2 protein chains.
Amino acid sequence: MGASLKEIAERVGISAASVSIYLNNPDTNRVSAGTKDKIDKAAEELNYRRNLFASSLSRHVSKVIGIIIPTNIPLFQNVYTNMLLSGVQKCLAGEGYSLLFFPSSASTSKENVREQLRHSAGCDGYILFSTGFCPMDHILLNIRELQDTGKPFATLNVPKVPETINQVIIDDLESVRGLEFLLNAGHKKILMVLGRQHGEHMQLILSKYRLMLKEWGIPLDNDLVIFGNYSHEDTYLKVSRFLTSRRDITAICCMSDLMASSALAAVKSTGMTVPGDISIIGRNNSLYAVLADPPLTTIDLSISEAGFKAAQLLLDSLENPSISRNIILNGKLIERSSVNEN
Amino acid sequence: MGASLKEIAERVGISAASVSIYLNNPDTNRVSAGTKDKIDKAAEELNYRRNLFASSLSRHVSKVIGIIIPTNIPLFQNVYTNMLLSGVQKCLAGEGYSLLFFPSSASTSKENVREQLRHSAGCDGYILFSTGFCPMDHILLNIRELQDTGKPFATLNVPKVPETINQVIIDDLESVRGLEFLLNAGHKKILMVLGRQHGEHMQLILSKYRLMLKEWGIPLDNDLVIFGNYSHEDTYLKVSRFLTSRRDITAICCMSDLMASSALAAVKSTGMTVPGDISIIGRNNSLYAVLADPPLTTIDLSISEAGFKAAQLLLDSLENPSISRNIILNGKLIERSSVNEN
DNA sequence: TTGTAAGCGTTATCAG
DNA sequence: CTGATAACGCTTACAA
């Protein structure tokens, strides 16, 4: 348990340096074949495993990427974030990198990022996730914080900022692509089911939404915008409540497939049909949209691809810290069976 | 960028030791109030962040837990694993621990575990996840591998093994609880939709299944067992194909809600109704079951709770390495609207 | 209240 | 082919 290079070296009767060099490069000709065998045997018997921390300290390289998620709510619960993470991990693991998730316990995104970074020196780089509900000033502070580490990093799904950094952005336009589709299908009274009201993302989407209504000459009706927290319960409740007082809408445009599925359930529970009475459109092209009955028309945002690309940007930056690129991903409308012409 | 304690010390004009001690314990009376201010200022200006690797090396404690998942397929894609992870992270983050995910690229679970552990020395402990498709001999080897690290660890959702280790097990009985429910409702021709055929988990479930049929005096019909890979496409295809040749079943018992949702879609596509013509039962009590139409009767396995408990076991072991406990979690049947009496 | 020095396990340099 | 030795950044006696 926890045998060190030194112990192996002692047992074999050589120096720790030789053991290290051989173990890290079995083809080395520094060590004779016989010695190699002895080292292998000793390493096996003593259950040698390289100490990540000692090795990283010495090499000035850790092959560890810090994942910075500006929140302290439990991770791995959100489909969207999981898909982003999956892409990141796929790319990074392919290149032999480990992923490190830090704990934090603050109440603001700003503090959480600070806390997660506080003891993180030694990581080769970072990926900063957006939680979607950071206001812009926090986002800028978070990025500043990352810059201060002096290590390469990439931001993922963080609203576009003027700084020259590695960014993968899911185009804001895509957020209202669903709305556009509904408008083109002739819908005019459309209920918008959005995310958390005060995040920068939602502010952007909201302004696009207003702009688009204006272009189409449709008067603004603030009752037709529902903010939520992306959960099923919340969405089901709010849409249900909405439908008790108003039945004049012909379509619902949701910011996630999950929320669209919840809206679908709420509509069905009133006895109305989809897409007969009400059309519904989702976003993400997740399994929820595929499994819904009827299957939901949605926007494929290539989420896990976004994660993969952010990791690639980071890797490039690791090789050449001076480069920094922006990638903007476009969504693709996936037409299924939840939208009718109006 | 990357300022060290020494640099701070130099700037303030004191020793690195004082800086270290103060930064790790702001209440120390080793350092005068004035010096504290200077250290704070210098740390701020130089963007000091503690080097995790140096610190861990020195302390012999890293506050990092290695997550060992015996596969090299992309992580964070599987709802079940994500829920387990979520529970683990929630508990561990609460105690200030970071999570480390290692890369691996082998073709067997055995090799993947070896690879993930190879450079992992320095972690305070590990959590071993089951992927559900390891055969028993691999499982035992994996556990042996963990034991050889000499560090505390807990296994999560790994079939029960005789070794005295920290284990959180989701009771095998629960796997066939759904079947039992269907039998009690009078169903006799029941299609079983299982996971990967060669994993230890499935072998256990299979034998329970056979036993139960025997108890109920129902003849074994091997065509009524479908193995799959837990994906929607696969399940939809196999259930659809099954239904083209046979319509005599009255119920489907699935090993996951996702597969149950896929089966539901397949059944509906034939024109049959659920639960009118065919009853369906799922497993996990995930959102898929809630959102399905009709909502699916399912088994709540407290998955994220299992993850949380495994982390607790590990934490206890960290305090007192000599203890080791088994926790067996029971499932709970959640009755919704996808099962009729037959 | 502070400094000095040894040590954590590994790697890299240099000399042989 | 191999061994010393210094260094990585931080922590912790111990000494003052």
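To find a chain, count down the sequence lines: A is the first, B the second, and so on, and within it residues start at 1. Given the structure is predicted, the values throughout are model-derived calculations rather than measurements.
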In chain order, what residues pass the side-chain hydrogen bond (donor to acceptor under 3.5 Å, both in side chains) check against A:T164, with sequence neighbours excluded?
none

Residues in ring-ring contact (aromatic ring centres under 6.0 Å, His included) with B:F76, at least two apart?
A:F76, B:F101

Pairs of donor and acceptor atoms involving the side chains of residues 304-316 of chain A, under 3.5 Å and at least two apart or interchain, shall be tabulated with distances.
unit_1, atom_1, unit_2, atom_2, d
A:E305, OE2, A:K309, NZ, 3.0
A:D316, OD2, A:R325, NH2, 2.5

Could you work out, with side-chain hydrogen bond (donor to acceptor under 3.5 Å, both in side chains) as the rule, every residue matching B:R118, not counting sequence neighbours?
none

Qualifying residues under side-chain hydrogen bond (donor to acceptor under 3.5 Å, both in side chains), relative to A:T35, sequence neighbours excluded
A:S32

Pairs involving residues 106-128 of chain A, ordered by first then second residue, that meet ring-ring contact (aromatic ring centres under 6.0 Å, His included) (sequence neighbours left out):
none

Using C1' atoms of five pairs at each end, report the bend of the helix from C:dT1-D:dA16 to C:dG16-D:dC1 rounded to 10 degrees.
40°

Quick test of your reading of the model: are B:E163 and B:R144 salt-bridged, counting only N-O distances below 4.0 Å?
no

So salt bridge (Lys or Arg N to Asp or Glu O under 4.0 Å) across residues 47-70 of chain A, not counting sequence neighbours, yields A:R49-B:E145

With heavy atoms of chain A within less than 4.0 Å as the criterion, where does contact along DNA chain D begin and end?
D:dC1 to D:dG9

Interface polar pairs with nucleotides 4-8 of chain C, N/O, under 3.5 angstrom:
unit_1, atom_1, unit_2, atom_2, d
C:dG7, N2, B:S58, OG, 3.2
C:dC8, O2, B:S58, N, 3.4

B:Q116: which residues meet the side-chain hydrogen bond (donor to acceptor under 3.5 Å, both in side chains) condition with it, sequence neighbours left out?
B:S104

Pairs involving residues 18-39 of chain B, ordered by first then second residue, that meet salt bridge (Lys or Arg N to Asp or Glu O under 4.0 Å) (sequence neighbours left out)
none

